[in-house]
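Chain letters run A, B, ... following the sequence lines, proteins first, then strands; residues in each count from 1.
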Protein chains: 2
Amino acid sequence: MLKREYEGQNCSIARTLELIGERWTVLIIRDAFLGVRRFEDFQNELGVARNVLSTRLTRLVDEGILEKRRYQERPARYEYRLTEKGIALWPVLISLVKWGDRYVSPAGPPRLIVHRGCGGEVNDHLSCERCGKPLGARDVEARPGPGAKAAAA
Amino acid sequence: MLKREYEGQNCSIARTLELIGERWTVLIIRDAFLGVRRFEDFQNELGVARNVLSTRLTRLVDEGILEKRRYQERPARYEYRLTEKGIALWPVLISLVKWGDRYVSPAGPPRLIVHRGCGGEVNDHLSCERCGKPLGARDVEARPGPGAKAAAA
DNA sequence: CACAGTGAGTTGCTTCAAGCAACCCAATGT
DNA sequence: ACATTGGGTTGCTTGAAGCAACTCACTGTG
């Protein structure tokens, strides 16, 4: 990435990208939304180098996007969870998914984001396709879509 | 960035990031939304190295996100414009802006995205705060916000 | 005519982030 | 006693990004 900062840009997009624009960061956050919590699991899902994963997680914790919690003493075991600030990134992830589904998923969406209970898909305006309700991160769940193949990550 | 591809990820987010996840790419697209069209202007706005700008623009054209048009013969002059596929990235940009406005803009939003004519701001569900209409890229315009300082990019 | 300027890049060198593998440590299981 | 698991760190290598200089085609100015 080199530098990571975009100097001289007074812009919310640039400042957001300084936090989450590095390689792997968004995928780490995606996995966090999908319920991944532990170092090893992130590493296995992503195949990212361990040192890179380590620096990314620490940075996300420093920025208040993830929080690190010891969920077990002796042996010490940690988990990383999204904070409110992290959960607020949900619209970013959803809009990336929707664009990708439309333009770069020839086999159909690998994963569907549906309104929990209702079953309708999220649309471009972050509402339920079926019932029309505006949706947030906690109202939805992910399901394998038509483009999901064996062992999809 | 190294590699740029996220192998083994059957995921729309990963595939989208393979196209727009490199450093500078999103800011180039942002500027395109703001009306920047020419090589020199992108370079001046962003301060990106010219060779990097060159490779990014070519890649975005190859991927069908921008199109390169000769708008003048003799001397040949080119402009880069968003295609439909590029314009479809609007929700991604807006959600980055909204998150950045909330979490990393202490002086207030540097730029407001408002419903053209109506004047209401875009909200998190890509609708107009004031009149409630669902909005698209063509329905809005950017204005300096409270966080805009002199010579903001 | 000579010369400066502009638009749109390309070339070449340097630097720093990412990839990769190996290693460490503490505890637990067998 | 030995292997395994979780959660990392260290060290070397590779390759993307920064930077400056250069090219090339044309245009306008004195």
Residues passing the ring-ring contact (aromatic ring centres under 6.0 Å, His included) test with A:F39, sequence neighbours excluded, are none

Which atoms of nucleotides 28-30 of chain C (N or O only) lie under 3.5 Å from a protein N or O atom, and what are those distances?
residue: C:dT28; atom: OP1; partner: A:R74; partner atom: O; Å: 3.4

query: Do A:R37 and A:Y78 come within less than 4.5 Å of each other through their side chains, counting heavy atoms only?
result: no

Note: A:A137 and A:I87 closest approach over all heavy atoms is CB-CG2, 3.8 Å

So the side-chain hydrogen bond (donor to acceptor under 3.5 Å, both in side chains) pairs with at least one residue in residues 123-138 of chain A (sequence neighbours excluded) are A:E84-A:R138, A:R102-A:D124

Can you find a side chain N or O atom of A:W24 that sits less than 4.0 Å from OP1 or OP2 on C:dA17?
no

Pairing of A:R81 and A:E67 as salt bridge, 4.0 angstrom limit = no

Atom CG of B:L46 and atom P of D:dG18 are separated, to the nearest Å, by 11 Å

Taken to the nearest whole Å, CD/B:E18 to P/D:dA16 is 14 Å

Output a table of donor-acceptor pairs, distance under 3.5 Å, between side-chain atoms of residues 103-110 of chain B and any protein atom two or more places apart or on a different chain; print 'none' if there are none.
residue: B:S105; atom: OG; partner: A:S12; partner atom: OG; Å: 3.1
residue: B:S105; atom: OG; partner: B:G100; partner atom: O; Å: 3.1

Rounded to whole Å, the CZ-C1' distance (B:R37 to C:dG7) equals 17 Å

Should A:R70 be listed as having a side-chain N or O under 4.0 Å from OP1 or OP2 of D:dG7?
no

_I'd like to know if B:R111 pairs up with B:E141 as an ion pair, taking the criterion as any Lys NZ or Arg NE/NH1/NH2 lying under 4.0 Å from an Asp or Glu carboxylate oxygen._
no

Sorted by chain and number, sequence neighbours left out, ring-ring contact (aromatic ring centres under 6.0 Å, His included) with B:Y80 holds for none

From CD of A:Q43 across to P of C:dA18 the rounded distance in Å is 16 Å

Smallest heavy-atom separation, B:V36 atom then B:F42 atom, equals O-CZ, 3.4 Å

When rounded to whole Å, the CZ to C1' distance for the pair A:R56 and D:dG7 reads 18 Å

Whole-Å distance, B:L53 CG to D:dA20 C1', equals 16 Å

Contact string for nucleotides 8-13 of chain C, one letter per nucleotide 5' to 3', B = base within protein heavy-atom range under 4.0 Å, S = sugar-phosphate only, - = neither, reads BBBBB-

B:R69 CZ to C:dG7 P, in whole Å, measures 19 Å

